[in-house]
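In what follows, a single structure is set out as structure tokens and then discussed.
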Amino acid sequence: MPAILETTRFTLTGLDAVAGFLVYFYLFGVIGWFVEMLYLATAGRGLINSGFLQGPICPAYAAGVLIIYPFTILFAPLPFWVQALLYALLATVVEYAAHITLEKILGLRIWDYSDEFMNLHGRISLKYSAFWFVLVLLLVLVAQPVAIALIESMPRTVMLGLAALVAVVLAVDYTISALLFLFMSKRIDVVCEAFHLPVQEMHDLQFNRPRIMNEKKRLAALFSDPAYVDLDKRVVERLFSGDRFDTFGFSLEVYKDITENAAYVAWRKASEQNESLYHRYQRIAELSYAFCTILGVDATAAARGVLLSVYTAEAQQPLQKLADLVFKQRRILRSVRRDVVSIGRIER
């Protein structure tokens with residue numbers, strides 16, 4: 001076994017231990033964020049930050065790693081297969097606890113396993129317990145020893161300085177994220193009041209969207225749920241009138257530089273699927289225009305952004321297609337800038 005993998009616990013004490021664990025927390029929060037983003041990218045929509053924080057960090061993973069750490073010392077004398085099962089159970093318990101915490105404190109259900117085989121209250125399931133089993137084994141056998149060895153090998157001044165930086169970054173991120181959360185919540189409330197829409201359902205749809213959009217089965221279940229069928233009906237009745245696109249002053253004539261662009265038209269006519277997608281995004285653009293008008297945001301720019309976001313000209317190079325697995329948004333931006341029109345801040 002490589003020497004670096006034999007380091008199973010911190011030897012730091014006092015302030016050094018606090019600094020070491022803070023760096024340890026942040027490191028695994030970033031690793032967890034990448035794991036989560038790559039998982040969400042399997043839906044083909046590219047990287048989507050589904051977490052609460054704005055930065056590239058997933059505190060749930062980091063907290064789980066911190067909680068597991070003392071158990072790696074406690075379980076060390078046990079047979080390895082017993083350790084593995086206990087780690088999987090521990091990770092599942094942490095996931096359940098994290099779900100309850102987010103739900104009770106912030107009112108968020110960031111994940112929902114209700115349609116998974118052998119789930120408990122939609123918070124944990126057999127499928128994801130198996131997933132955690134594999135991740136925890138990698139953590140205990142590889143990631144944790146490497147991380148501890150690297151942190152302990154740092155010069156003390158470097159480690160303390162890095163820990164201080166991490167503390168500031170986390171504090172700022174949490175503050176900004178909380179303010180944005182409150183800001184978005186208030187805006188959703190304004191829209192719901194204006195259109196007499198159910199507040200809780202709209203909040204759930206907004207804050208659960210990244211996770212929901214990754215699960216095709218869950219998305220189908222959502223759209224067939226009576227509550228969301230009713231929500232969709234009420235939105236359509238309030239905003240749309242037949243095939244007209246002039247509700248709230250919205251007019252496609254304003255967007256002729258997009259809709260009549262040669263490349264854009266060619267993309268539309270390339271297939272029935274593209275044509276259907278285009279018309280669906282017209283409706284989304286109108287909806288965005290209506291909401292932004294009420295909220296006092298640049299509604300025209302928002303609608304332009306929606307119409308542009310549907311344009312996905314095929315990448316020509318194999319490497320570009322490979323990059324689309326995790327960076328689809330990048331190709332859309334590049335294709336729009338190259339073929340259609342320049343993009344403003346709100347549109348982007």
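Note that the coordinates shown come from a computational prediction; the quantities given were computed from them, not determined experimentally.
Contact between Glu347 and Ile343 at its shortest, heavy atoms only, is OE1-CA, 3.5 Å. The two atoms that bring Thr293 and Ala299 nearest to each other are OG1-CB, 3.5 Å, heavy atoms only. Val306 and Tyr281 make their closest contact through O-CD2, 3.4 Å (heavy atoms, listed as atom of the first residue, atom of the second, distance). Between Phe71 and Tyr87, the shortest heavy-atom distance links the atoms O-OH, 4.0 Å. Shortest non-hydrogen contact noted between Gly20 and Met159 is CA-SD, 4.0 Å. Taking each heavy atom of Ala19 and Leu160 in turn, the nearest pair found is CB-CD2, 3.6 Å.
Taking the side chain as every heavy atom from C-beta outward, Phe28 and Ile31 approach each other to under 4.5 Å. Inter-residue side-chain proximity for Leu170 and Ile57 is flagged as met; some heavy-atom pair is nearer than 4.5 Å. Here the side chains of Phe75 and Val82 are not in contact, with every heavy-atom distance at 4.5 Å or above. The closest side-chain heavy-atom distance from Tyr26 to Val169 is below 4.5 Å. Side-chain contact between Pro59 and Tyr174: present, with at least one pair of heavy atoms (C-beta onward) separated by less than 4.5 Å. Contact annotation: the side chain of Phe133 never approaches that of Ser129 to less than 4.5 Å [non-hydrogen atoms, C-beta and beyond]. Put simply, the side chain of Tyr96 does not reach to within 4.5 Å of the side chain of Thr92, judged on heavy atoms. The closest side-chain heavy-atom distance from Tyr69 to Arg9 is below 4.5 Å.
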Exercise. Before giving the answer on side-chain contact (heavy atoms from CB on, under 4.5 Å), spell out for Val190 and Leu295 the whole-Å C-alpha distance, their side-chain angles and the decisive distance to 0.1 Å.
Key: CA-CA 8 Å; Val190 170; Leu295 296 173; 4.0 Å; yes
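When hydrophobic side chains of Ile, Leu, Val, Met, Phe, Trp and Tyr are connected at separations under 4.5 Å, Val168 ends up clustered with Val172, Ile176, Leu180.
Under 3.5 Å, the side chains of Ser335 and Asp339 contain no donor-acceptor pair of N or O atoms. Residues Gln144 and Tyr24 have side chains that bring a donor and an acceptor to within less than 3.5 angstrom of each other. No hydrogens or angles considered: nothing links the side chains of Asn261 and Tyr311 as a donor-acceptor pair under 3.5 Å.
Note on Arg304 versus Asp257: salt bridge recorded, some NZ/NE/NH1/NH2 to OD/OE distance being below 4.0 Å.
Checking side-chain atoms of Ser276 against main-chain N and O of Gln273 turns up no donor-acceptor pair under 3.5 Å.
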